[in-house]
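Step one of this worksheet: look at the structure below.
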2 protein chains.
Amino acid sequence: MKNNAAQSSEPKITDAPRAQKRSRPVQVADQIKHWVVERDLRKGDKLPNEAAMIAQFGVSKGTVREAMRILEAQGLIVTKTGPGGGSAVGEVSKERAISLLGNYFYFKNLSLSDIYQLRKLLEPELVANLAGTLDEETLTELRSMAHQHPEPAKTPEEEKQQHISSLVFHARLADAAENELMGFVISFMARILSDLTVYHRLYAAPNKELWERGRRHQIDLVDALEKGERSRARDIMMSHMEGAERMMNVQEMRITRQFMTE
Amino acid sequence: MKNNAAQSSEPKITDAPRAQKRSRPVQVADQIKHWVVERDLRKGDKLPNEAAMIAQFGVSKGTVREAMRILEAQGLIVTKTGPGGGSAVGEVSKERAISLLGNYFYFKNLSLSDIYQLRKLLEPELVANLAGTLDEETLTELRSMAHQHPEPAKTPEEEKQQHISSLVFHARLADAAENELMGFVISFMARILSDLTVYHRLYAAPNKELWERGRRHQIDLVDALEKGERSRARDIMMSHMEGAERMMNVQEMRITRQFMTE
DNA sequence: GTTCTAAATTTATCATAATAAATTGGATTC
DNA sequence: GAATCCAATTTATTATGATAAATTTAGAAC
């Protein structure tokens, strides 16, 4: 009838029923997010207290509290009791972001080769970017990690520990990335692989030669990073990735069998 | 002296040092997560109802409800009223995962060149993987998208629309990825760039030649995908990425200025 | 058989009150 | 005068019960 005039002027006519059954706590949470963006609030900036929000939004205490738990679960606020307490904006931590993304992949079937395809694309590029940019402190830290296990593992327990150490090494490199998106993705993969070692034994039988090669790679890599040799760093990492992939049991397909904890 | 043990002199130092100040709703939420993992529940499987959880965990209704909002915010459950209602496990949707990860980068300073560095690494590889694997339906869909804008944009409004269409094209490719991690990262970047166009004008002045080249790329790419020409697909995408990057205003640095909506 | 209505079930929201945690100011102590 | 303890204050946390809203199911009416 006469209503159809709106169609030409409002392209989002189909989105109109968008204001459907979102619960009140969700609506309140969204309004608070909006409020934070509008005022460009940053980490530590305080939100109105519970009583003020009850008045502001005209909802009950329980509704406000559920809204706060929503924001808290997403890592957007932190809450404290006592005078000067209340809720404040809190940057989403990398750990929280990793856990939340891990929940998504819990329901997917990521394979080790998926992970390694990405590692081979990203990590060589990461170290090429890092070459010549790291400060002495970081280099020292990396060198110390690279020298941490001077001998091949003698027990499965030791082997697991060495593998986790290696992943910490990679995560440390990722943290140094200028490109935070690249750094995040690499950290996420390291975290997935790290969790794996806790629940499964999926490494091939220890192989002294492969192990020695891996160790050599780490040491050479730090050297190349220090000297700013971009392509050498890239090549070492690529070779390292290929070696690491060969050491994994590629049979193991579903690799996220738990929800991550922060 | 009075030893007022009634206060808080119950330091649970005994077994779990980790069990510190996590609130009751968070503890309940974590227990439910464990419960889901233990029983290997999948999407649609039902959780006990509110009353049962109150009894099960020995907490109040409000506490249980806050726990449910936490899980709901993370995308892990969905809740319905009425008979046969209650809470059920719900796969985290890609859209939800993108939003949650977007919250993390809201506080970061991602640059366009960060995004494009990753796009140039991942998207050529994506199409190389896809070459020869797409069904006719998907190919038809892609072809239709590629032919959607036969003329260069005449207004900024049209230009924005064309750019978004291009991002939808890339997102569609990402959805087809076998490697879901790679697909997710590419979708995430498309989403970030898509949101940008809504809030900022950041494209260089329209350039008929560049525009024509971009259009050609999409058409040729679908052709290469259909024929299973891996390296040609890869080359086209790489060239396309370089062109797209040149069209952006690289001055624009902070690119996440809002919380994403689902 | 279809449609309407009422009842039953379950979450959603609200209101109120009691409890716990953290800070602050002041009194007490050395 | 500085440190310590204590009580008052502020704020979130948990609990309880009542009422509303949404949804399904069963039954009644036609």
Side-chain angles (χ1 to χ4, degrees), chain A residues 17-32 36 44-90, chain B residues 1-13 19-32 35-36 44-90:
Chain A
R18 195 89 198 96
Q20 40 193 354
K21 1 174 192 185
R22 284 153 69 241
S23 72
R24 247 182 264 207
V26 171
Q27 291 178 44
V28 169
D30 284 348
Q31 288 187 66
I32 293 173
V36 167
D45 291 342
K46 302 208 23 196
L47 268 46
N49 68 18
E50 214 174 74
M53 293 206 182
I54 291 167
Q56 166 78 35
F57 297 112
V59 298
S60 75
K61 193 184 184 70
T63 300
V64 166
R65 289 190 58 75
E66 289 180 33
M68 298 316 241
R69 290 298 84 70
I70 290 170
L71 296 171
E72 198 174 65
Q74 300 179 345
L76 296 173
I77 66 167
V78 293
T79 302
K80 276 174 40 180
T81 63
S87 296
V89 177
Chain B
M1 281 301 188
K2 61 232 174 195
N3 183 8
N4 35 0
Q7 281 290 14
S8 67
S9 58
E10 288 281 25
K12 300 171 185 169
I13 327 166
Q20 35 191 4
K21 353 180 203 178
R22 286 153 69 238
S23 70
R24 250 185 267 202
V26 171
Q27 291 179 45
V28 170
D30 282 348
Q31 289 186 66
I32 294 173
W35 197 79
V36 167
D45 291 343
K46 305 219 4 210
L47 268 46
N49 68 18
E50 214 175 76
M53 293 207 182
I54 291 167
Q56 167 77 34
F57 297 113
V59 298
S60 75
K61 182 166 50 173
T63 301
V64 166
R65 289 189 59 76
E66 288 179 34
M68 298 315 242
R69 290 297 84 71
I70 290 170
L71 295 172
E72 201 174 62
Q74 299 178 346
L76 296 173
I77 66 168
V78 293
T79 301
K80 274 174 43 182
T81 62
S87 297
V89 177

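Within every chain, numbering begins at 1; the chains are lettered A, B, ... in the order of the sequence lines, protein sequences first and strands thereafter.
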Relative orientation of the end axes in the helix from C:dG1-D:dC30 to C:dC30-D:dG1, expressed as an angle to the nearest 10° (five pairs per end):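 Axis angle across the helix from C:dG1-D:dC30 to C:dC30-D:dG1, nearest 10°: 10°.
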Strand-adjacent residues in residues 74-82 of chain B, judged by heavy atoms under 4.0 Å from DNA chain C: B:Thr79, B:Lys80, B:Thr81, B:Gly82
Nucleotide [N], atom [atom2] - distance to [atom1] of [X] in whole Å:
X       : N      : atom1 : atom2 : result
A:Asn49 : D:dT9  : CG    : C1'   : 14 Å
B:Ile54 : D:dT14 : CD1   : C1'   : 12 Å
B:Lys46 : D:dT24 : NZ    : P     : 11 Å
B:Arg22 : D:dA12 : CZ    : C1'   : 18 Å
A:Arg69 : C:dA12 : CZ    : P     : 17 Å
A:Lys61 : C:dA17 : NZ    : C1'   : 10 Å
A:Leu47 : D:dT11 : CG    : P     : 14 Å
B:Glu66 : D:dA12 : CD    : C1'   : 10 Å

Minimum-distance nucleotide to B:Glu50 side chain [options: D:dT23, C:dC14, C:dT11]: C:dT11
Reckon [X] has a side-chain N or O less than 4.0 Å from the OP1 or OP2 of [N]?
X       : N      : answer
A:Arg24 : C:dA12 : no
B:Arg65 : D:dT14 : no
A:Ser60 : C:dC14 : yes

N-O pairing of B:Glu72 and B:Arg69 below 4.0 Å: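 Result for this pair is yes, salt bridge flagged.
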Salt bridge B:Lys61-B:Glu50, side-chain N to carboxylate O under 4.0 Å: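 So B:Lys61 does not pair with B:Glu50 through a salt bridge.
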Euclidean distance, B:Thr63 OG1 relative to B:Met68 CE, rounded to 0.5 Å: 12.5 Å
